[in-house]
Every structure is written in structure tokens, then in C-alpha cells.
**Q** 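I'd like to ask you about the structure that follows.
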Amino acid sequence: MFTRILTKPPQQTSYDCHVHLLLPPPKPRLSLPRHAHTTAAKPPPPPEPPQDATIAKLVIESDPLSLSETLTNPKFQWTPHLVDSVLKRLWNHGPKALQFFKHLDRHPVYIHSSSSFDHAIDIAARLRDYKTAWNLVHRMRSIRRGPSPRTFAIIAERYVAAGKAHRAIKVFLSMHEHGCRQDLNSFNTILDVLCKSRRVEMAYSLFKMLRFRFKCDSVSYNVIANGWCLIKRMPMALQVFKEMVERGVEPTLVTYNILLKGYFRTGQLNEAWEFFLEMKKRKCEIDVVTYTTMVHGFGVAGEVKRSKKVFDMMLREGVVPSVATYNALIQVLCKKDNMQNAVLVFEEMVRKGCVPNSITYNVVIRGLCHSGDMERALEFMVRMEENGGQHNVQTYNVVIRYFCDAGEIGKGLDMFEKMENGSCLPNLDTYNIVIGAMFLRKKSTDLVVAGKLLIQMVDRGFLPRKFTFNRVLNGLVLTGNQDFAKEILRMQSRCGRVPRCLRL
DNA sequence: GTAGGGTTAG
């Protein structure tokens, strides 16, 4: 059945309206106004200062060869903040982001700030282009803009994420060779990077090896205890807590909150409650984080009543709920109660003057999508924008996913298209969702779109999984698109570890 | 931006 449909010749279908999106990028539409050519009689009004979104779009659409010239146009008033914003906008188009950074680095007057260097290094390392990353480190040193401990934390984090935890530790140990001092803060940071990436054993060994050299403090112990909690090894977390007390380092409220969260993570609700009571008994100054942990912990475990009780207790005790507290409660109601109540709490927080953030909106939108109410989900998307919250990639991913799951592929693709226009670039998840959806309708033309999306994502510095490549290749071969399949096969062999497009 | 709470699905 499947192959019979797919071997039919491609037909013109309604989705063709989306295809233009996936064709080679259009010629730059954003050209600079040419005031120089206007008659001298009336000087034109001063042009609007270019915003980061406009610049990001310009960078994406412009030819790399003319980019340098474009960026040196005196119209652009470069500031570190503007450059950082543009880099953030281009986060999901790493090669273009680096192109932008490198071209602007040749600007006759403007000099990149250390924070822009850090962003660029982060982007290069995320693309696993370590050569570029280190070149940038040397460049920033040569113009005395760093590198800072922050720079090394970024590089270490990227190495760990790429499965190179040992390189990360080497980076930390060699910081001083790059003119950056090792201190307790940077030690705590490397421990945290390892722990957050679940390399807790390694962090603990490093900690035991160097704890006297750096005179470890409560932060170091908290980082390690939190690491054990993250991988649900409460006995180890408690042991670290014990060691801490034995060595005369005073546990803080942060320590208690970490352990409390650990009990919830491991599903030990009674222990969590006992621990909370103990905290109260010891006159520990319980704060909003403690309560948020409880509201979330009980709620996601299905104990909605207890979750609400804790929320009320918090109000009685005069602790003011934060956005995170409301987000926790709303999420709990979305998942374990019903959407009416979740929306009621949303309205209540607004009434009380607590401003919902993008996480709040995304939680509500996801809940509405999940309950099948796409219409209200879209209403909340509008509301989000009206209240100054920009849709982020998570917002789009949720809505696109649910449209596709509901079989409304066209609406999903419309949303995907809207993202590009609204200056929110798709990330790896988005591509996986949309490419996956191209197999649902069993249409031969959908597979061509899948192929084009695959090429686009590689161009933008994402490495698709082997599974994705094979799936698209098989689909194209089965539908008689041999030539296109060959093109994708060539791309696959080219893209290896570092995408070709990175070589500037 | 040295540590703790809130967005991912099945």
C-alpha cells in the first residue's frame, strides 16, 4: 500500500505553497536605503536604527562575499549589546553567526567585546569546530579582551556535551597558560559543568583531588550534592552533606533545597515531607525556592491536593510566590488536573501583578494543545505576543508537533514558515519534528520537502542522526527520486564532523 | 554567569 502510493509520479499538491521556503535562499530583499541618491533639496529623515532581528535576517540572506562591506556601512552603529543580540538571534544558524562575527571583526573601528567573543566561541564549539573556537581564544587574548574564566567554562561545557569530559578537565587545568587565573570560583564552575552533564563520578574525583588546594566552600559541596541528586543517588548526596558538616563547612539553605529536590526526584515523597518539617523545626529560613520545589514535587507525583495545600501554606506564611512558583503550579494543573483550573491560576497570577514569562505561556500552550484545544492554544500565542513575550523556538515546536500529530500537516508547515518570517530560527528539534511529519501523508512530494529540510539543517550547522538520513534516503529512492537521493548521499559523506559550510 | 525552584513526549 505504502510503496504503491509512493511510486506514483509526484503530483502538484496544496503544500506546494510551502516549497518556496525550502528552495535556495532568496536574493537579499533587505537592501540599505540609498539616501545618497536622493536630491539634496530635502534631507531624508534619519533612518531607523537597525534592529538585531533585521540584521540577523540581512546576514542570513546576504552573500558572504559582500557581507563585510555591508557591515562596515556607517549606518550600523555597532555596540556590544547589539552584536550579542544578533549572535543570539543567529544561534540556530551557527555558520552564519560565525560569518557575521568574523566579518565584523575586520571592521575598521569597531572592536568586539569579550562577551561577543564568548558567544562566538560558544557557537563554534557547539558546531564542534574547536579549531575556530581556539583561534578566537587566541584572538581575544591578542587584543586584550580575555579570555576570562567564563570563556573556559563555555569551552569546558561544550567539550563535556560532546562526550569529551577529559578534555574539559584539561582545559580547566591549563587555564593559567592562557593568562587566566584558576581560583575557587573557576574550580566550582568546572565541577558544576561536569555535574550538570551527569559526569558526577568524575566531578567527585576531581573534587576529592583538589579540595584542599582550592579551600572548597559550601558552593563546592552544594554543586557535588546536587550532582548526585540529579542522577538520583541520594545516599551519595547525603554522604557529601555529612562530609561537609564534618569538615566544618556550614550547610546553607541552598544545601537543604538541593536535598529536598533530591527526595522528590527519587519519588521519596514522605522523606521529602519529613525533611521539610525538619527544616521548619530547625528554624531554617524557608524561602520561595523551598516552596516551589514542594509545589512542583507533589504535583508531578500526582498529589495535586498536597501541592495546592503547600501553595496555600506558603501564602499564609507570607512568602510571595514567584513566576517559577506559578509556573510549577500551572504545569501541575495542566498535567494532573484540568486546563480550566490551570487557566484560572494563570489569570490569578496576572491579577496579582505577577508577570507571566515565556515558560508560563509555553506551559499553558502545551497544556491546551495536549487537551486538543488548538484554537485556544493559538489564542494564547497571540496573547503572548501582545504582552511583549516573543514566541520562542519551544513555543513553535509545541504547536507544530501537535498540529502534525493531529494530521494537520499543512498547518504545521504554515507555522514552520511563520517562524522564519518572525525571526525565530528552527532548532534541531524543530527539524526532527517537521521532517518526521513528512512521512505521515505517504506523499512522494513530501519526501522531496524532507530532503530539502535535511539539506537546510546541515547548512545551518546541525548534524542529523544517521536514522534521519536513512529514512529520507529510503523514502526518496522508493519514490523514484534517485538523483535527489544521490545528492543527499553526497552531502552525508561530506558533512562528517564539521559541516563544509563552516570553512569560510 | 560559582550553587538551589519553573518549558520535552511516549
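By convention in this document, chain letters (A, B, ...) are assigned in the order of the sequence lines, proteins followed by strands, and residues within each chain are numbered from 1. Keep in mind that what you see is a predicted model, and the values were worked out from it rather than measured.
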**Q** Any heavy-atom pair between the side chains of A:Leu82 and A:Trp78 that's under 4.5 Å?
**A**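 Yes; the side chains approach each other to less than 4.5 Å.
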**Q** Looking across every strand, which nucleic acid part, if any, lies under 4.0 Å from A:Ile359 by heavy atom: base, sugar-phosphate, or nothing?
**A**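 Base contact.
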**Q** Just call it for A:Asp287: base, sugar-phosphate, or nothing, with non-hydrogen atoms closer than 4.0 Å on any strand.
**A**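 Base contact.
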**Q** Nearest of B:dA3, B:dG6, B:dG5 to any side-chain atom of A:Val288?
**A**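 Within the option list, the nearest is B:dG5.
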**Q** For A:Ile433 and B:dT8, what is the distance between atoms CD1 and C1' respectively, to the nearest whole Å?
**A**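 The distance from CD1 of A:Ile433 to C1' of B:dT8 comes to 9 Å, rounded to the nearest Å.
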**Q** At under 4.0 Å between heavy atoms, what does A:Val295 touch on the DNA or RNA strands: base, sugar-phosphate, or nothing?
**A**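 Since no nucleic acid heavy atom lies under 4.0 Å of A:Val295, the category is nothing.
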**Q** Show the nearest heavy-atom pair for residues A:Val300 and A:Lys336, with the distance to one decimal.
**A**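 A:Val300 and A:Lys336 have their closest heavy atoms at O-CE, 3.4 Å.
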**Q** Inspect the contact between A:Lys418 and A:Glu385 and indicate whether a charged nitrogen and a carboxylate oxygen are less than 4.0 angstrom apart.
**A**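 No, no charged N to carboxylate O under 4.0 Å.
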**Q** Tell me, please, which residues at least two apart from A:Ile286 pass side chain to side chain contact (heavy atoms under 4.5 Å, CB included).
**A**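 Result, side chain to side chain contact (heavy atoms under 4.5 Å, CB included) vs A:Ile286: A:Phe276, A:Met279, A:Lys280, A:Thr290, A:Tyr291.
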**Q** Look at the side-chain N and O atoms of A:Arg265 and state whether any lies under 4.0 Å from the OP1 or OP2 oxygen of B:dG5.
**A**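 The answer is yes; a side-chain N or O of A:Arg265 sits under 4.0 Å from OP1 or OP2.
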**Q** What pairs of donor and acceptor atoms, side-chain ones from residues 318-325 of chain A against any protein atom, are under 3.5 angstrom apart with sequence neighbours left out?
**A**
{"residue": "A:Ser322", "atom": "OG", "partner": "A:Ala324", "partner atom": "N", "Å": "3.3"}
{"residue": "A:Ser322", "atom": "OG", "partner": "A:Thr325", "partner atom": "N", "Å": "3.3"}
{"residue": "A:Ser322", "atom": "OG", "partner": "A:Thr325", "partner atom": "OG1", "Å": "3.1"}
{"residue": "A:Thr325", "atom": "OG1", "partner": "A:Thr292", "partner atom": "OG1", "Å": "2.9"}
{"residue": "A:Thr325", "atom": "OG1", "partner": "A:Ser322", "partner atom": "N", "Å": "2.9"}

**Q** Round to a whole Å and report the spacing from OH of A:Tyr256 to P of B:dG5.
**A**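 Going from A:Tyr256 (OH) to B:dG5 (P), I get 18 Å.
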**Q** Hey, is the side chain of A:Lys261 poking within less than 4.0 Å of OP1 or OP2 on B:dG6, counting only N and O atoms?
**A**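 Affirmative; the distance criterion is met.
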**Q** At a heavy-atom distance below 4.0 Å, what parts of residues 169-196 of chain A sit against DNA chain B?
**A**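 Close to the strand are A:Asn185, A:Asn188, A:Thr189, A:Asp192, A:Lys196.
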**Q** Separation of A:Asn362 atom CG from B:dA9 atom C1', in whole Å?
**A**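 After rounding, the gap between these two atoms is 15 Å.
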**Q** Once you apply a heavy-atom cut-off of 4.0 Å, does A:Leu253 come out as touching a base, just sugar-phosphate, or nothing?
**A**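 Here A:Leu253 touches the bases of the nucleic acid.
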**Q** Does a side-chain N or O from A:His296 land closer than 4.0 Å to OP1 or OP2 of B:dG6, or not?
**A**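 Result: yes.
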**Q** One thing to verify: whether A:Glu348 and A:Lys352 come together as a salt bridge, which I'm taking to mean a side-chain N less than 4.0 angstrom from a carboxylate O.
**A**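 Salt bridge between A:Lys352 and A:Glu348, a charged N being under 4.0 Å from a carboxylate O: yes.
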**Q** Within the structure, does a side-chain N or O atom of A:Arg401 lie under 4.0 Å from either OP1 or OP2 of B:dT8?
**A**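 No, no such contact exists.
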**Q** Considering only B:dA3, B:dG5, B:dG6, which nucleotide approaches the side chain of A:Thr252 most closely?
**A**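 Shortest atom-to-atom distance from the side chain points to B:dA3.
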**Q** For the base of B:dG5, is there a side-chain donor-acceptor partner from A:Thr292 under 3.5 Å away?
**A**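 Per atom types, the contact qualifies.
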**Q** So A:Val323, base contact, sugar-phosphate only, or nothing? Heavy-atom distance under 4.0 Å.
**A**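 Result for A:Val323 = base.
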**Q** What I'd like to find out is whether the side chain of A:Tyr256 reaches to under 4.5 Å of the side chain of A:Phe275, using heavy atoms alone.
**A**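 Result yes, sub-4.5 Å side-chain heavy-atom pair found.
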**Q** Specify the separation, in whole Å, of atom CG of A:Asn427 and atom P of B:dT8.
**A**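 The answer, rounded to whole Å, is 15 Å.
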**Q** Indicate, with a heavy-atom threshold strictly under 4.0 Å, whether A:Thr395 touches base, sugar-phosphate, or nothing.
**A**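 Nothing: the residue A:Thr395, judged by heavy atoms under 4.0 Å, touches no strand.
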**Q** Which nucleotide wins on minimum distance to the side chain of A:Ala328, given the candidates B:dG6, B:dG5, B:dA3?
**A**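 Minimum distance to the A:Ala328 side chain belongs to B:dG6.
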**Q** Go through the N and O atoms of the side chain of A:Ser322 and the base of B:dG6, and report whether any donor-acceptor pair is under 3.5 Å.
**A**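 There is none.
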**Q** Can you tell which of B:dG5, B:dA3, B:dG10 lies closest to the side chain of A:Val254?
**A**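 Closest nucleotide among those given: B:dA3.
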**Q** Could you state the atom-to-atom distance from CG of A:Leu428 to C1' of B:dT8 in whole Å?
**A**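 My rounded result for the distance is 13 Å.
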**Q** Which of the following nucleotides, B:dT8, B:dG5, B:dT2, is nearest to the side chain of A:Asp217?
**A**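 Out of B:dT8, B:dG5, B:dT2, the nucleotide with an atom closest to A:Asp217's side chain is B:dT2.
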**Q** Measure the distance from CE on A:Met279 to C1' on B:dG5 and round it to the nearest whole Å.
**A**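 Computing the A:Met279:CE to B:dG5:C1' distance gives 12 Å.
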**Q** Would you kindly give the CG-to-C1' distance between A:Leu260 and B:dG6, to the nearest whole Å?
**A**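 About 15 Å, once rounded to whole Å.
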**Q** To the nearest Å, give me how far apart OH (A:Tyr221) and C1' (B:dT2) are.
**A**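 Spelled out: OH on A:Tyr221 to C1' on B:dT2 is 16 Å.
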**Q** Is A:Glu420 salt-bridged to A:Arg460, going by a charged N under 4.0 Å from an acidic O?
**A**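 Counted as a salt bridge, because a side-chain N and a carboxylate O are separated by less than 4.0 Å.
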**Q** May I ask you to decide whether A:Glu243 forms a salt bridge with A:Lys208, counting only side-chain N to carboxylate O separations under 4.0 Å?
**A**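 Result for this pair is no, no salt bridge flagged.
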**Q** Side chain of A:Asn357 only, please: which of B:dA3, B:dG6, B:dG5 is the nearest?
**A**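 When the side chain of A:Asn357 is considered, B:dG6 is the closest of B:dA3, B:dG6, B:dG5.
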